[in-house]
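To start, the structure itself, in structure tokens.
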Protein chains: 2
Amino acid sequence: MNFSASEENYIKSIYHLQPPDGVVTTNELAGELQTKPASVTDMLKKLKAKKLLHYERYQGFRLSSEGKKIALGIVRKHRLWEYFLVQKLQFGWDEVHEIAEQLEHINSKVLIDRLDSFLNFPRFDPHGDPIPDTNGKMEVTGHINLTNLEINHAAEVSAVGSQSTELLELLSHKNIGIGTKLEVKKKFNFDKSVEIKIKNLPAFTISGQLAQSLFVKPL
Amino acid sequence: MNFSASEENYIKSIYHLQPPDGVVTTNELAGELQTKPASVTDMLKKLKAKKLLHYERYQGFRLSSEGKKIALGIVRKHRLWEYFLVQKLQFGWDEVHEIAEQLEHINSKVLIDRLDSFLNFPRFDPHGDPIPDTNGKMEVTGHINLTNLEINHAAEVSAVGSQSTELLELLSHKNIGIGTKLEVKKKFNFDKSVEIKIKNLPAFTISGQLAQSLFVKPL
DNA sequence: AATATAATTTAGACAAACCTAAATTTTATT
DNA sequence: AATAAAATTTAGGTTTGTCTAAATTATATT
Ligand SMILES: [Mn+2]
Ligand SMILES: [Mn+2]
Ligand SMILES: [Mn+2]
Ligand SMILES: [Mn+2]
């Protein structure tokens with residue numbers, strides 16, 4: 001079965017909004033998609049008819065297992081393209097979302113699997129979100145992006161957003177690696193930079209871009 | 001101004017059908033786009049209103065200079081993506097058209113210019129068609145693909161379809177380079193392979209894939 | 001429990017891009 | 001020049017995805 005770009009955007013948004021056990025509401029989804037509740041209701045009927053979601057009117061809705069499978073396919077495409085844009089075409093991680101929003105609707109299984117292979121099967125996108133594999137499986141490590149770590153909570157670096165030599169060079173210069181224990185001391189909203197503290201070293205500041213590339217496991 | 005995928009497909013097809021001085025007809029375009037003449041007429045009105053073509057009813061139509069500019073932009077995207085698919089993702093030149101047909105509608109100037117740079121500014125796509133540069137200019141060399149050379153007509157190799165080391169390795173092994181004079185002796189439809197004759201050498205056969213990567217100037 | 005408010009759905013329209021069938025215009029043939 | 005054939009356009013629908021305004025249902029407040 002094939003879906004329109006519009007259907008895919010709805011499915012993906014429901015996937016992102018859906019809490020582990022709960023349900024998504026019409027207004028939430030309308031807000032997310034910048035559309036009107038009435039339009040959402042129309043689409044819900046269509047997606048229900050296609051068996052992509054469970055929905056009883058006025059009761060909210062959630063993806064069916066088929067719907068979840070479709071969603072993971074779109075998420076896979078979105079994140080792989082983002083990784084491609086950053087890693088191969090020198091885009092900043094803050095410039096890729098809009099373009100990936102278009103590219104995720106290109107319809108070709110072989111294209112996306114070859115892209116995956118060309119990129120060397122990356123497990124995280126430039127924002128640190130895990131990339132589902134060809135079967136829709138993705139890592140469920142407990143790590144979070146450093147930018148989401150709470151202030152003064154100890155954590156350990158567990159992954160980096162990419163394997164680029166530039167990133168790795170910067171990390172080694174700053175003595176940060178997998179296993180490094182650290183705390184966030186302060187977050188600066190102006191430029192998203194973050195002050196961190198590593199034991200036995202004076203506190204220092206890292207750029208928002210670098211923080212985005214670091215994933216930590218709270219201890 | 002931004003155009004829908006449908007508008008872009010119409011514009012590109014008119015560009016390809018349009019003879020140097022003549023005009024395109026409704027039925028021709030309907031045939032090319034696998035649609036009905038009535039649908040073509042609808043779109044012609046819209047494109048005329050947007051000043052992308054010159055059109056008087058029952059009289060045929062041709063792109064305006066603005067329309068030509070748009071067309072070249074789409075052709076540029078189509079051919080760059082084809083080159084990417086073949087050169088980076090290991091697709092065969094016969095497998096890329098359909099995917100490029102989708103990718104050509106991705107809307108981002110910076111994306112396509114970065115892709116161009118990433119690919120090292122290729123001048124020909126995998127089918128030997130010239131790739132317009134960022135300003136819509138493309139080479140108008142008189143060369144044609146070797147697969148289109150008439151049998152027993154002398155010609156000189158003038159360009160290759162890509163710069164890949166694999167291609168160049170194969171060419172040097174076969175003693176073919178820019179400037180090599182040759183004739184096509186026979187074309188085999190079964191596997192598209194081609195028998196060629198180079199002076200002072202016995203005739204030999206090259207694969208269809210290799211022939212597709214060779215461009216010659218008839219002498 | 002009654003009523004007010006908020007969320008959701010329905011009804012009815014609209015634009016884009018297509019279609020079929022009928023009407024019109026151009027072109028070819030006698 | 002008249003007529004036949006072909007090409008093109010128009011008229012009137014359909015589907016998809018959107019919208020506004022009104023009606024309905026659920027939730028919150030008195
Ligand atoms: Mn999207
Ligand atoms: Mn992302
Ligand atoms: Mn296309
Ligand atoms: Mn091509």
Side-chain angles (χ1 to χ4, degrees), chain A residues 1-15 17-19 22-63 67 70-71 74 101-102 104-107, chain B residues 1-15 17-19 22-63 67 70-71 74 101-102 104-107:
Chain A
M1 204 125 302
N2 259 13
F3 303 97
S4 71
S6 205
E7 290 172 322
E8 290 189 345
N9 285 334
Y10 274 87
I11 293 165
K12 195 185 59 165
S13 289
I14 296 168
Y15 175 84
L17 289 174
Q18 192 169 307
V23 101
V24 185
T25 69
T26 303
N27 273 357
E28 270 180 306
L29 186 51
E32 175 78 10
L33 289 168
Q34 315 248 70
T35 184
K36 304 291 154 170
S39 308
V40 169
T41 301
D42 286 346
M43 184 61 88
L44 290 177
K45 287 177 188 163
K46 193 162 26 141
L47 295 180
K48 181 182 180 173
K50 295 189 179 185
K51 298 192 185 304
L52 299 180
L53 44 81
H54 302 291
Y55 164 54
E56 295 306 327
R57 67 200 219 292
Y58 292 104
Q59 299 311 134
F61 44 89
R62 63 198 158 80
L63 292 178
I70 306 295
I74 305 162
E101 209 47 53
Q102 297 181 57
E104 71 189 358
H105 304 294
I106 299 293
N107 181 11
Chain B
M1 204 126 301
N2 258 13
F3 304 97
S4 70
S6 204
E7 290 171 320
E8 290 190 345
N9 284 335
Y10 274 86
I11 293 165
K12 195 185 60 165
S13 288
I14 296 169
Y15 175 84
L17 289 174
Q18 191 169 305
V23 100
V24 185
T25 70
T26 303
N27 273 358
E28 271 180 304
L29 186 50
E32 175 78 11
L33 289 168
Q34 314 250 68
T35 183
K36 303 292 154 168
S39 308
V40 170
T41 301
D42 286 346
M43 184 61 89
L44 290 177
K45 288 177 188 164
K46 194 165 24 146
L47 296 180
K48 182 184 180 171
K50 295 190 178 186
K51 296 191 186 303
L52 299 180
L53 45 81
H54 302 293
Y55 165 53
E56 294 306 327
R57 69 201 219 289
Y58 292 105
Q59 300 311 131
F61 43 89
R62 65 201 156 79
L63 293 178
I70 307 296
I74 305 161
E101 206 53 51
Q102 295 182 59
E104 70 188 359
H105 304 295
I106 300 293
N107 182 10

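No hydrogens, no waters, no symmetry mates; every other heavy atom, side chains included, goes into these values. Labels below follow one simple rule: chain letters A, B, ... track the order of the sequence lines, proteins then strands, and each chain is numbered from 1.
Regarding B:Lys50, its NZ atom lies at a distance of 11 Å from the C1' atom of C:dA15, rounded to whole Å. The nearest whole Å value for the distance from the CE atom in B:Met43 to the C1' atom in C:dC19 is 14 Å. Atom-to-atom, CG of A:Leu47 to C1' of D:dT16 comes out at 13 Å; the value is rounded to the nearest Å.
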Tell me, for nucleotides 6-12 of chain D in 5' to 3' order, what letter each nucleotide earns: B for a base near a protein heavy atom under 4.0 Å, S for only sugar-phosphate near one, - for neither?
-SBBB--
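Looking only at side-chain heavy atoms (C-beta outward), A:Leu47 and A:Tyr55 stay at 4.5 Å or farther from each other. Looking at A:Leu63 and A:Ile70, their side chains never come closer than 4.5 Å, going by heavy atoms from C-beta outward.
Every side chain to side chain contact (heavy atoms under 4.5 Å, CB included) that B:Glu56 has, sequence neighbours left out, goes to B:Lys48, B:Gln59. Residues passing the side-chain hydrogen bond (donor to acceptor under 3.5 Å, both in side chains) test with B:Gln102, sequence neighbours excluded: none. For A:Glu28, the side chain to side chain contact (heavy atoms under 4.5 Å, CB included) partners two or more places apart in sequence, or in a different chain, are A:Leu17, A:Val24, A:Thr25.
Within the 4.0 Å cut-off from OP1 or OP2 of C:dC18, not a single side-chain nitrogen or oxygen of B:Thr35 is found.
A pairwise comparison of heavy atoms in B:Thr26 and B:Phe61 identifies N-CE2, 3.7 Å as the closest pair.
With hydrogens and angles disregarded, no donor-acceptor distance shorter than 3.5 Å links the side chain of A:Glu8 to the backbone of A:Ile74.
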Show me the donor-acceptor pairs, under 3.5 Å and distance only, between side chains in residues 31-42 of chain A and residues at least two apart or in other chains.
residue	atom	partner	partner atom	Å
A:Thr41	OG1	A:Pro37	O	3.2

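Listed by residue number, the members of residues 4-11 of chain B with any heavy atom below 4.0 angstrom from DNA chain C are B:Ser4, B:Ser6, B:Tyr10.
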